[in-house]
Amino acid sequence: MAEYNFREIEKRWQKSWADSTIFSAEEDPSKPKFYALDMFPYPSGAGLHVGHPLGYIASDIVSRYKRINGYNVLHPMGFDAFGLPAEQYAIQTGQHPAITTKENIQRYKEQLRNIGFSYDWSREVQTCDPAYYKWTQWIFMQLFNSYYDKDENKAIGINQLIQRLEKTGNKDVNAVCDENTPKISAKDWNAFSQPQKLDILNHYRLTYPAEAMVNWCPEMGTVLANDEVKDGFSERGGFPVERKLMKQWMMRITAYADRLLENLDSLDWSTSMKEMQGNWIGRSNGCELDFKVADQNLKLTAFTTRPDTIYGVTFVVLAPEHELVATLTTAEQKAEVEAYVQYATNRSERERMAEKNVSGVFTGSFVVNPFSGEKIPLWIADYVLAGYGTGVVMAVPSSDDRDFKFAKHFNLAIKCVIEGTENLENPTEIKKGIMINSDMLNGLESDQATLKAIDFAAKNNFGIPKINYRMRDAVFSRQRYWGEPVPVYYKEGIPYLIDEADLPLELPEIDEYKPTSEGEPPLARAQNWKYKGVYEYETTTMPGWAGSSWYFLRYMDANNEKLAVDPKKANYWGSVDLYIGGTEHATGHLLYSRFWNMFLYDIGVVNHEEPFKKLVNQGMIQGRSSIVYRDKKTNKFISAGLIDKYETVAMHVDVSMVKDDYLNLESFKNWRPDLAGAEFELEDGKYKCGYEVEKMSKRLYNVVNPDDIVESYGADTLRLYEMFLGPLEQSKPWDTNGIDGVFRFLKKVWNLFHDNDGNLNLSDEKPTPEEYKILHKTIKKTADDIDRLSFNTSVSGFMICVNELSALKCNKREILESLLIILSPFAPHISEELWQLSGKSDSILHATFPEFNDKYLVESSFEYPIMVNGKLRAKITFNIDESADNIKKEVLANPQIEKWLEGKDVKKFIVVPKRIINVVV
RNA sequence: GCCAAAGUGGCGGAAUUGGUAGACGCGCACGACUCAAACUCGUGUUCCGCAAGGAGUGUGGGUUCGAUUCCCACCUUUGGUACCA
């Protein structure tokens, strides 16, 4: 009577779980904790497609597995709800982004519920909720009130800095600050006006206002962070981005550069992920060297990582934006230099990148090599960046590719300083070796020469060791509406934090979501929006990454109205034990989160320095588009196998009209009016489509919605199939074609419990050794596979297990109940249903993962593959403890083997116990 | 250019420590059931060959009794990054 009715079963259990508190987590010191986290989604209008749940399913399996292994599991979900698409939509339609966002979240939650995730929804967070962003603003305030002390190597309250300034000025303060921070004495400080004092403090604060060169995207009307710009275009939308000097809030992430870099070692992340962050931070060890300007009382400081090549310096190059460009240009060169600077600074980042040609201009001035005393020309070129190092490069054309190209182009001197490069067409091919033509450094190895050069420069007061970073402080302002307001107001042009008691500072209502006619951000439109009714608020909002930089902490204590997170709870849950999400967040979210978490660690909010102990990047699920081919001459559609005979045009068709690559002709004709009269050239009476693996996108008609899969196969099938598709971390195309196999598997599971008439049929008989063996083999495999997140192989393990049990017609309760428990993290609905049908009153969620027992797998004999010279020739079964001599005797006497020996001498006889036997002749 | 990861049947993929390459699933072929189709079940399915046998994990070489696995060189694909001195 009972068929596998997944629709009814899944609805029922999903409701039952939602009505209970079965997935809510409470701190419980008696149990080990496990924190499994998904990167929370941005709720877009398009809903989830089949690629999104991949990681969620994996983390859900681990969560459920850990739960039945006695762990206290925290497995929450929420929404990264501030963002551009909702705002763009608001600009077009006038609809408040909060409304669209709310609708989209509703839709997402329903889609997620359909898949049967074990989320603790009581801890849901939404970044756009004032109850949440109150604390995002609070963290901003803590950053504003802190500076980074290098001696303590941590963030410290700004009040302590003020006390030191009052007593001794800043000469002994070893802190991270702006390059241009003035040296002040206690006397200076105490004589300063309040605005002057605040200005000094801004040079130290971990979040600070600054005039900064930013990535301005005119199309979007906002600035973007470095990680939001790709090849001169915005990552979202693909609009052109230009450089612009603007007043911005900045985050002093560079203060943490070293710790962010060094801690990478301790993290269980993929090497490529660590590599990406390492490159992004880009620490380079080197030194600064001073070059005196010839005949003037001026010096230029260059940063170099290769002071060993100092004797190979044949010119020095300034960035076009360098402040001394005008001073150092001679009268004769003035016109040429001005024209070049004009040209270089007006070009956008994008143009500069597209431009591969070498460009530059001579200043007319000369500088002096501090080591050799040689006079060398000073140039200006845009391959030198104002923002990196000092904006001055000592050019060594014999060791550096760019310097080499530049010297070649302008016919400048090239001097080789490394042995073996003298006769090379391109001396930069050899980067390190024994120094030559280098006076005091001659004969030294590059690395030793580097040390000696730095030492010499330091002793003679024209150089110091220095570490530079590629990473910049992060721009924190967005000229947009749909983000967290910055909790700052202005009094006489000076920014002040609002009172903590006035948090949250809520987004005001405005008439339109566009910038004002004066180009002010949308918040400038707000009427009567003033602090204490008097002072203007900051009108930029926080960027998308603000709310996502600490949401993993809020989950630990999501409903606390008094604190961002109770340190006691944060200490209990600690770092995330498994974080699953996309690789696209390598240099954005994952870096900013580490930064904020580290800061909160410094100020004592949490007791773990790193937020994500283990990180796994799920691969992208690509679309598998279906293609039909229209004959150019007759307008007939030609089946894929026959297109060689015609000249055809390819056309994407909706994948919902295609099954197993065969096109449903009726649906196709009904798809669009112009196709109603379509004719076809068929193969074997069917139309076979071609396919293409590409991005999943509406435009390519290849989007597959999980709701549709759940409707036709059920959530358990979807979960298993997504896992079965291949390794979690690998990108792969979604191909619905294979899903029947997984569905069949679940039906076989169902059939194990039922007789041919569909009646429940379980036996209480003692299982046979063979049945135990099948079960315990699968228990071990499942546990091992989950530990290494190899879910595709555990699914095939289940299939093997069920195939073998079916062959034995096994319906032993003892075996099948254990099977249900190990299957339950993967296919929770069917497992729960069969568990209850078999007479259990308690949920399978409260069951315990069966203990693996080795004794069922012990074999008394093994069928050895016998190889002769590495080629498989026979198989013979021996007892496990058979002596090597006996094995040898029997193998050599075997007629199958004898044939291959042909009486030749046996050189070697190798027996690898329980593996293989190899005879070498 | 540089850095990282990966190349295995018609397809997705397996082989966890150097030990039977192609598990499991899809697809395909044949068969059973059926009036018929679908479902389901069974058999087969890396390639060449009737077979015996041979070849085979991107290419070429090496180490080893034995290599998808280790080493060297190269090719291709994907991702990251790009004047970072």
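Every heavy atom of this structure was used, including side-chain atoms; hydrogens, water molecules and symmetry mates were not. These figures come from a predicted structure and were not determined experimentally. Letters A, B, ... mirror the listed sequences (proteins, then strands); counts begin at 1.
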**OP:** Check whether any side-chain N or O of K871(A) sits under 4.0 Å from OP1 or OP2 of A55(B), and answer yes or no.
**Re:** yes
**OP:** Apply side chain to side chain donor-acceptor pair (under 3.5 Å) to H585(A) and list each qualifying residue two or more places apart in sequence or on a separate chain.
**Re:** none
**OP:** Using only side-chain N and O atoms of N803(A), determine if any of them is under 4.0 Å from OP1 or OP2 of G25(B).
**Re:** yes
Subject >> Side-chain donor/acceptor of K747(A) to base of U40(B), under 3.5 Å >> reply: no
Subject >> Nucleotide-resolved protein contact map, nucleotides 13-19 of chain B, B/S/- at heavy-atom distance under 4.0 Å >> reply: SSSB--B
**OP:** Sequence neighbours left out, what passes side chain to side chain donor-acceptor pair (under 3.5 Å) with D258(A)? Give chain and number order.
**Re:** R283(A), Y469(A)
**OP:** Look at all strands and tell whether N869(A) reaches a base, only sugar-phosphate, or nothing, counting heavy atoms closer than 4.0 Å.
**Re:** nothing
Original post:
At under 4.0 Å between heavy atoms, what does W734(A) touch on the DNA or RNA strands: base, sugar-phosphate, or nothing?
Top reply: nothing
Original post:
Is K875(A) touching bases, backbone alone, or none of the nucleic acid, heavy atoms closer than 4.0 Å?
Top reply: base
**OP:** Give R873(A) one of three labels, base, sugar-phosphate or nothing, depending on what nucleic acid heavy atoms sit under 4.0 Å from its own.
**Re:** sugar-phosphate
Subject >> F462(A)/F371(A) under ring pair (Phe, Tyr, Trp, His ring centres under 6.0 Å): CA gap, chis, key distance, verdict >> reply: CA-CA 10 Å; F462(A) 57 78; F371(A) 279 67; 5.5 Å; yes
Original post:
So what does S796(A) touch, heavy atoms closer than 4.0 Å: a base, only the sugar-phosphate, or nothing?
Top reply: base
Original post:
Quick one, which residues of residues 616-623 of chain A touch RNA chain B with a heavy atom under 4.0 Å?
Top reply: none
**OP:** Identify which nucleotide among C83(B), G54(B), G80(B) has an atom closest to any side-chain atom of W900(A), counting heavy atoms from C-beta outward.
**Re:** G54(B)
**OP:** Determine the contact category for V393(A): base if any of its heavy atoms lies under 4.0 Å from a base atom, sugar-phosphate if only primed atoms, P, OP1 or OP2 are that close, otherwise nothing.
**Re:** base
Pairs under 3.5 angstrom, nitrogen or oxygen only, protein versus nucleotides 26-29 of chain B, please.
from: C26(B); atom 1: OP1; to: R744(A); atom 2: NH1; distance (Å): 2.3

Subject >> Consecutive-pair stems (at least three Watson-Crick or G-U pairs, under 3.5 Å) that include RNA chain B >> reply: B:1-7 with B:75-81, B:10-12 with B:24-26, B:27-32 with B:40-45, B:46-48 with B:53-55, B:58-62 with B:70-74
